[in-house]
Amino acid sequence: MPTIEIPISLGDRSAENVDYRDQLMVNRTIVPRNIKGDDAYTLSYPGLTQFGDGQGVDRGAIYNSRQRSQLRVSGDRLIEVAKDGSTNIVGVIPGSSQVSLPYSFITQGIVSDGRFWLYDGSTLTEVLDPDLGSPIDAVFINGVYFFTDGETLYHTDSSSEQAIDPLAFATSEFSPDRTVGLLKNKQNQVVVFNRFSTEFFVDSPTSDNSGAFLFRFRRVEGKAVKVGIVGTHAKCEMDGQIFIVGNRKEESPSVHILAGGTEQTIATREIDKIISEYSDSELAGLVMEARVEDREKFIIIHLPRHTLLYSHTVAKRAGVDRAWVLLKTDIIGDSPWRAINGVYDPRFSQWIYGDKIDSRLGRLDNTTNLQYGEKVEEIFFTPIVKIAGKSIDKIELDSLPGFASDRVDCFFSVSYDGVFFSREALIPVSRVHDYNTRFIARRVGYIRNEFNFKFRIVADGRTALSKLEVTFS
């Protein structure tokens with residue numbers, strides 16, 4: 001009887017608007033590695049274990065290497081997170097939106113709802129200089145805090161972090177669109193993101209005839225890019241590259257990499273379609289963050305109704321089509337992943353996250369896929385396969401059984417039209433200390449024209465799954 005191998009890292013579905021759409025994996029990631037004759041395997045996404053309690057929904061976090069402290073804006077409080085998970089309230093940061101957290105050699109800056117605070121490790125002080133205006137984002141570079149208020153660019157005085165020089169103002173003039181956010185890149189340049197363009201500025205102090213210093217930075221000619229970002233926090237840096245969600249003026253929003261004055265789109269058609277479900281005002285609150293662990297490089301994009309995970313490692317080795325998955329926080333439903341603002345804390349070598357729902361602080365836990373003790377749903381699909389007039393006698397999915405602390409079963413179903421799936425069958429994936437458990441389904445049935453499979457796991461333990469073999473006659 002003939003046997004075929006079917007990938008499980010990306011599935012197909014027939015969409016109601018007469019289109020074929022991707023079925024993204026949910027709560028699983030791909031690990032590129034030659035194993036058992038396959039070029040990769042899929043792994044349950046790490047769970048969340050409670051580490052401590054904050055003061056509300058998380059609004060931003062940083063590990064300040066100068067102060068050797070993990071700082072978070074939790075609810076309307078700035079808190080310090082200790083190694084044992086306990087927290088110390090530093091002061092009040094009014095507002096409810098995501099904050100920016102640049103820091104200098106002596107202070108931690110906090111930009112929140114048009115106001116700016118400095119924390120020196122003992123005292124939290126609001127900067128009240130009348131020339132501060134209403135900043136929306138900031139970075140620290142070469143001894144000064146550099147701001148934008150959405151229209152102008154300006155910075156603190158070289159001699160005082162609480163003073164704004166009224167002459168030290170400029171604008172991003174590559175195009176007339178508004179300025180949205182800032183970032184400092186690895187070349188020690190300020191990246192100024194506008195809505196439909198991006199410019200780069202380098203420190204180059206100049207003075208007027210009286211000797212007074214003006215705006216210290218000049219644009220880097222020839223490096224501007226005609227792609228901007230959708231919101232202040234729709235950007236992050238990883239692997240020496242800048243990742244953004246944005247677009248040109250004549251395009252719809254997508255996900256891009258900016259490097260060396262060039263732009264590369266890394267979103268698939270499916271990701272673009274998900275992003276297109278949101279209005280500009282909804283996208284303005286988007287948050288991007290990066291995580292690098294075990295040589296795996298991830299970008300997490302937090303949308304109001306979706307959490308998208310992109311693996312830069314997978315994209316480089318296996319292509320962007322296999323690099324995207326969805327993260328969520330429920331079993332029946334589509335609640336986006338609850339964790340946000342991950343910080344790697346070198347004091348105890350763990351990733352600590354805030355929460356979108358309540359005040360919990362959680363550590364990313366590679367020993368479980370439970371989120372605060374609650375089970376979540378993992379889903380993956382196969383492509384649509386055409387083998388008309390055949391009967392599927394057996395399917396077998398390679399797994400790594402026996403290591404989970406509890407039994408793991410999989411709900412398996414089949415579709416004959418790419419739309420509706422059959423009643424689920426429960427098939428064992430792993431039994432405690434049984435390292436020879438085999439995932440096998442027999443006598444799946446007659447295929448009139450085409451088929452694809454759906455696999456759904458709701459369990460305490462993590463699973464590693466790879467090659468799927470289908471035998472038919």
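On a predicted model such as this, the values are computed, not experimentally measured, just so you know.
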Walk me through it: do Asp321 and Thr268 pass the test side chain to side chain donor-acceptor pair (under 3.5 Å)? CA-CA 6 Å; Asp321 286 344; Thr268 63; 5.3 Å; no
Show your reasoning for whether side chain to side chain contact (heavy atoms under 4.5 Å, CB included) applies to Val190 and Phe217. CA-CA 9 Å; Val190 179; Phe217 297 80; 4.3 Å; yes
Take Gln264 and Thr262 through the test side chain to side chain donor-acceptor pair (under 3.5 Å) and record every step on the way to the result. CA-CA 7 Å; Gln264 174 191 355; Thr262 63; over 6 Å; no
List the steps, then state whether side chain to side chain donor-acceptor pair (under 3.5 Å) holds for Asp149 with Thr152. CA-CA 6 Å; Asp149 59 5; Thr152 56; 3.1 Å; yes
Would you please test Gln108 and Asn64 for side chain to side chain donor-acceptor pair (under 3.5 Å) and show each step? CA-CA 7 Å; Gln108 172 67 60; Asn64 186 308; 3.0 Å; yes
Please report the C-alpha distance between Ile110 and Leu78 in whole Å, then the side-chain angles of each, then the deciding distance to 0.1 Å, and finally whether the side chain to side chain contact (heavy atoms under 4.5 Å, CB included) criterion is met. CA-CA 9 Å; Ile110 305 102; Leu78 176 65; 4.0 Å; yes
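A side-chain N or O of Ser97 and one of Asp113 form a donor-acceptor pair less than 3.5 Å apart. There is a side-chain donor-acceptor pair under 3.5 Å between Thr329 and Gln371. Arg66 and Ser104 share no donor-acceptor pair across their side chains, judged by distance under 3.5 Å alone. Side chains of Asp137 and Thr232: a donor-acceptor N/O pair is absent below 3.5 angstrom, by distance only.
Here the side chains of Thr307 and Leu326 are not in contact, with every heavy-atom distance at 4.5 Å or above. Counting only heavy atoms from C-beta outward, the side chains of Leu361 and Val81 approach each other to under 4.5 Å. Within the 4.5 Å cutoff, the side chain of Ile457 has no heavy atoms near those of the Asn369 side chain. Side-chain contact check for Leu309 versus Ile299: every heavy-atom pair is 4.5 Å or farther apart. Between Ile357 and Val57 the shortest side-chain heavy-atom distance does not fall below 4.5 Å. In this structure the side chain of Trp324 reaches within 4.5 angstrom of the side chain of Val255, judged on heavy atoms. In this structure, Glu378 and Val26 have side chains that are not in contact, with every pair of non-hydrogen atoms separated by 4.5 Å or more. Between Asn247 and Ser252 there is no side-chain heavy-atom pair separated by less than 4.5 Å.
Taking the ring centre of Tyr372 as origin, the terminal cationic atom of Arg360 falls inside the region bounded by 6.0 Å and 45° from the ring axis. Phe381 does not carry Lys454 over the face of its six-membered ring by the limits of under 6.0 Å from the centre and within 45° of the normal. Within the cation-pi definition used here (under 6.0 Å to the ring centroid, within 45° of the axis), Arg456 qualifies as a partner of Phe411.
Considering every non-hydrogen atom in both Leu153 and Ser172, the closest pair reads CD1-N, 4.0 Å. Of all non-hydrogen atoms in Val408 and Gly461, the two that sit nearest each other are CG2-O, 4.2 Å. The shortest non-hydrogen separation linking Leu397 to Ser466 is CD1-O, 3.3 Å. What you find for Gly60 and Val99 is that their closest heavy atoms are CA-CG2, 4.0 Å. Of all non-hydrogen atoms in Arg317 and Pro32, the two that sit nearest each other are NH1-O, 3.3 Å.
Proximity of a side-chain donor or acceptor of Asp120 to a complementary backbone N or O of Ser122 within less than 3.5 Å is detected. Without hydrogens or angle criteria, Glu237 side chain to Lys186 main chain gives a donor-acceptor distance under 3.5 Å. Checked by atom type and distance alone, the side chain of Asn185 pairs as donor or acceptor with a backbone atom of Gln187 at under 3.5 Å. For the pair Ser69 (side chain) and Leu71 (backbone), a donor-acceptor distance under 3.5 Å is absent. Not one N or O on the side chain of Arg77 forms a donor-acceptor pair closer than 3.5 Å with the backbone of Pro94. Checking side-chain atoms of Thr107 against main-chain N and O of Gly109 turns up no donor-acceptor pair under 3.5 Å. In this structure, the side chain of Ser160 engages the main chain of Gln162 through a donor-acceptor pair within 3.5 Å. Of the possible polar contacts, one joining the Thr198 side chain to the Val227 backbone as a donor-acceptor pair under 3.5 Å is found. Between the side chain of Arg462 and the main chain of Ser44, a donor-acceptor pair closer than 3.5 Å is present. Put simply, the side chain of Asp22 never gets that close to the backbone of Asp12: no donor and acceptor are under 3.5 Å apart.
No salt bridge links Arg178 with Glu151; every basic N to acidic carboxylate O contact stays at or beyond 4.0 Å. The pair Glu374-Arg338 fails the salt-bridge criterion, with no side-chain N (NZ, NE, NH1 or NH2) lying under 4.0 Å from an Asp/Glu carboxylate O. Ion pairing between Asp203 and Arg218 fails under the 4.0 Å rule for side-chain N and carboxylate O. A salt bridge is absent between Lys223 and Glu199; no separation between the charged side-chain nitrogens and carboxylate oxygens falls under 4.0 Å. Lys375 and Asp460 are joined by a salt bridge, as a carboxylate oxygen and a charged side-chain nitrogen come within less than 4.0 angstrom of each other. Here Arg291 does not pair with Glu289 in a salt bridge; the nearest charged N to carboxylate O distance is not below 4.0 Å. By the 4.0 Å N-to-carboxylate-O rule, Asp177 lies too far from Lys226 to be salt-bridged with it. Between Arg21 and Glu270, at least one side-chain nitrogen of the basic residue sits less than 4.0 Å from a carboxylate oxygen of the acidic one, meeting the salt-bridge criterion. For Asp58 and Arg72, the salt-bridge test passes: some basic side-chain N is under 4.0 Å from an acidic carboxylate O. Using a cutoff of 4.0 Å between basic side-chain nitrogens and carboxylate oxygens, Asp345 and Arg363 are not scored as salt-bridged.
Partners of Glu251 under the salt bridge (Lys or Arg N to Asp or Glu O under 4.0 Å) rule, at least two apart in sequence or in another chain, are Arg248. Considering only residues two or more places apart in sequence or on other chains, Ser159 meets the side-chain contact (heavy atoms from CB on, under 4.5 Å) condition with Asp157. Taking the ring-ring contact (aromatic ring centres under 6.0 Å, His included) definition, one finds that Phe169 meets it with Tyr154, sequence neighbours left out.
Legend: ring pair (Phe, Tyr, Trp, His ring centres under 6.0 Å) pairs involving residues 106-139, not counting sequence neighbours, sorted by first then second residue: Phe116-Tyr145, Phe116-Phe147. Within the structure, every pair that satisfies the ring pair (Phe, Tyr, Trp, His ring centres under 6.0 Å) test and touches residues 275-300, not counting sequence neighbours, is listed here: Tyr278-His306. Every pair passing side chain to side chain donor-acceptor pair (under 3.5 Å) that includes a residue from residues 123-134 is listed here, sequence neighbours excluded: Arg115-Glu126.
Taking the six-membered ring for Trp and the full ring otherwise, Tyr353 and Trp337 have centroids separated by under 6.0 Å. Checked against a 6.0 Å centroid threshold, the rings of Phe146 and Phe140 do not count as neighbours.
Residue Phe243 forms a ring-ring contact (aromatic ring centres under 6.0 Å, His included) with just one option from His233, His256, His312, and that option is His312. Partner of Glu161 under the side chain to side chain contact (heavy atoms under 4.5 Å, CB included) criterion, chosen from Val144, Val127, Leu118: Leu118.
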